[in-house]
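Keep in mind it's a predicted model, so treat the numbers as computed, not measured. Just so we're on the same page: letters track the sequence lines, and every chain starts at 1.
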There are 2 protein chains.
Amino acid sequence: MSSPADLARLADLLGDPTRAVMLQALLAGEALTAGELARAAGIGAPAASAHLAKLAEGGLVVVHPQGRHRYHRLASEEVAAAIETLGGLAAATAPQRRWPHGEAFRTARLCYDHLAGRLAVALHGALVGRGWIQPAAGGWTATTAGEAGLAAMGVDLKAARTARRFACDCMDWSERRPHLAGGLAREIASCCLRRHWLTRATAECAGDPLARRRLALTPEGGRALHAALGLAA
Amino acid sequence: MSSPADLARLADLLGDPTRAVMLQALLAGEALTAGELARAAGIGAPAASAHLAKLAEGGLVVVHPQGRHRYHRLASEEVAAAIETLGGLAAATAPQRRWPHGEAFRTARLCYDHLAGRLAVALHGALVGRGWIQPAAGGWTATTAGEAGLAAMGVDLKAARTARRFACDCMDWSERRPHLAGGLAREIASCCLRRHWLTRATAECAGDPLARRRLALTPEGGRALHAALGLAA
DNA sequence: CCGCCGCTTCGGCGGCGGGCGAAGCACGCT
DNA sequence: AGCGTGCTTCGCCCGCCGCCGAAGCGGCGG
């Protein structure tokens, strides 16, 4: 239960511009090394190390040492969801600024381990509209038609079921409508990337820390999603 | 669209312990004067004024001058929802501490203009279970049975329909299940307070800034809710 | 008209926190 | 073993921010 002090401690972690950049970079879902995050944030290694220690101690980030590298991930999808939510409010509160590639960012992006943006919202609608998923307690389940269709697309349903939640709604702040989260959404995103229907915009992000999250629909991806789900390009 | 800088600016506003106390006090939904907020936060008038100016400039709080008083409210229910969400993550992240009356806080509290806590979750379940509300695009609508039942309880449905959203789900962080938000939820809360089914724990909050939000079910309230909705005490 | 009261602005103080460079540690490669 | 590399720790500086006391402003009441 959150006393105001707890809230403040957590918000303070998000309230530093440098840490915010790091967290946005981590919202792409990948585990990044301290050095990568330092470069993304444009600071030196010592400062990055201090920030990451705070984030880890605050429970927002988990560390995964591997050889002489230390990989950092967001601690949970709840953390990712809270950051996205707060980002949405920030966008609503300070709507003035537009930065380069903002439009592309709205179109398709990663949110921790699943898709977000216009494409993800459209996909959510298509899955519901075609009857591939149906409401269930606290989320969605796949129908038999959905299982067949998703398997045909190349989605690993077995892997999707290992997640804590199979599928549930997650509010998309840029579209103000829900997209899909949970194990199924993770596998769909994984499938789209594996089959090169969606590609990461750039690998390294000098100057634009959100580049890691941005996705682009390939021509074949557009064709595949149209064929499978009737999605318009 | 939220650049990391926007996110950081917003989170920084929530990240100050003093401001967090003020915002928690405002989460009770009432408009409070600068002096009341200063006392709640345990600081002097100048400091409070500075904080409130920042919150207002950041779009989290709106000011409502009235005579020589200046009343402050949360700017929107989106702001309230974001603070609640972040508070839930804070509770999950730092679960160790228990402060006095925390249990009562989980039982029933105000969240901006509607009810939250165990009671609100139970109420949500009862409304759905009795078929008084049914799913609709982006939320819930009242059935004819629901209209009759709610009117019999004393809920002003006409007022409820003036809100931007009639009824929608809002995740309750302490219960991890949804409760009801929107115009209907606002009128239900208003009705419960008006009829003294629920009472505010204390008016002024020396030491415990969350006191404003805490609610207690009166004996008559327990009887009334049991009779109308079958809610157990 | 004067005085009280709520609130804001100003000036100054103190502490916290983020940044860097240098040094230290740990791991891996050759 | 020796070296390079990734990361952390240490020490330090600087700037920012929150707090207060004093003063200024405006509304309200006698």
Side-chain angles (χ1 to χ4, degrees), chain A residues 4-26 30-58 60-73 203-207 209, chain B residues 4-5 7-26 30-58 60-73 204 206 209:
Chain A
D6 290 329
L7 172 68
R9 225 175 40 78
L10 177 59
D12 196 43
L13 286 175
L14 309 178
D16 178 85
T18 304
R19 284 193 289 265
V21 170
M22 290 178 160
L23 289 170
Q24 282 283 2
L26 288 171
E30 292 176 310
L32 301 178
T33 67
E36 287 173 309
L37 287 165
R39 280 190 297 275
I43 58 175
S49 181
H51 282 306
L52 289 170
K54 290 186 183 183
L55 290 174
E57 198 202 358
L60 295 181
V61 154
V62 288
V63 193
H64 198 243
Q66 202 162 328
R68 55 183 168 183
H69 297 285
R70 300 195 66 186
Y71 284 93
H72 299 259
R73 298 187 60 118
E204 188 77 13
C205 44
Chain B
L7 172 69
R9 226 175 39 78
L10 178 59
D12 196 44
L13 286 175
L14 308 179
D16 179 85
T18 304
R19 283 193 289 265
V21 170
M22 290 178 159
L23 290 169
Q24 282 283 2
L26 288 172
E30 291 177 308
L32 301 178
T33 66
E36 289 174 308
L37 287 165
R39 280 191 296 277
I43 57 173
S49 183
H51 282 305
L52 289 169
K54 290 186 183 183
L55 290 173
E57 198 202 359
L60 294 182
V61 154
V62 289
V63 192
H64 199 244
Q66 201 162 329
R68 57 182 166 183
H69 297 285
R70 301 194 67 185
Y71 285 93
H72 299 258
R73 296 188 59 119
E204 189 74 14

For [N], does either OP1 or OP2 sit under 4.0 Å from a side-chain N or O belonging to [X]?
{"X": "B/Thr18", "N": "D/dC19", "value": "yes"}
{"X": "B/His51", "N": "D/dC19", "value": "yes"}
{"X": "B/Arg70", "N": "C/dT8", "value": "yes"}
{"X": "B/Lys54", "N": "D/dG18", "value": "yes"}

Nearest whole angstrom, please: distance from the [atom2] of [N] to the [atom1] of [X].
{"X": "A/Glu57", "N": "D/dT9", "atom1": "CD", "atom2": "P", "result": "12 Å"}
{"X": "B/Arg19", "N": "D/dG18", "atom1": "CZ", "atom2": "C1'", "result": "9 Å"}
{"X": "A/Gln66", "N": "D/dG6", "atom1": "CD", "atom2": "C1'", "result": "14 Å"}
{"X": "A/Tyr71", "N": "C/dC27", "atom1": "OH", "atom2": "P", "result": "16 Å"}
{"X": "B/Leu55", "N": "D/dG18", "atom1": "CG", "atom2": "P", "result": "10 Å"}
{"X": "B/His69", "N": "D/dC28", "atom1": "NE2", "atom2": "C1'", "result": "10 Å"}
{"X": "A/Asp12", "N": "D/dC17", "atom1": "CG", "atom2": "P", "result": "12 Å"}
{"X": "B/Leu37", "N": "D/dG18", "atom1": "CG", "atom2": "P", "result": "16 Å"}

So, do A/Val63 and A/Leu52 sit near enough that their side-chain heavy atoms are less than 4.5 Å apart?
no
Minimum side-chain heavy-atom gap A/Leu60-A/Leu14 below 4.5 Å:
yes
Looking for any heavy atom pair under 4.0 Å, which part of the strands does A/Ala45 touch: base, sugar-phosphate only, or nothing?
base
Do you know the tightest heavy-atom contact between B/Arg9 and B/Gly58?
NH1-CA, 4.5 Å
Of all the heavy-atom pairs spanning A/Met22 and A/Leu37, show the shortest one and how long it is.
O-CD2, 3.9 Å
Of the nucleotides D/dT8, C/dG19, D/dG18, which one has an atom closest to the side chain of B/Asp16?
D/dG18
Starting at the 5' end of DNA chain D, which residue's closest nucleotide do you reach first, A/Pro46 or A/Arg68?
A/Arg68
Starting at the 5' end of DNA chain C, which residue's closest nucleotide do you reach first, A/Gly67 or A/Ala47?
A/Ala47
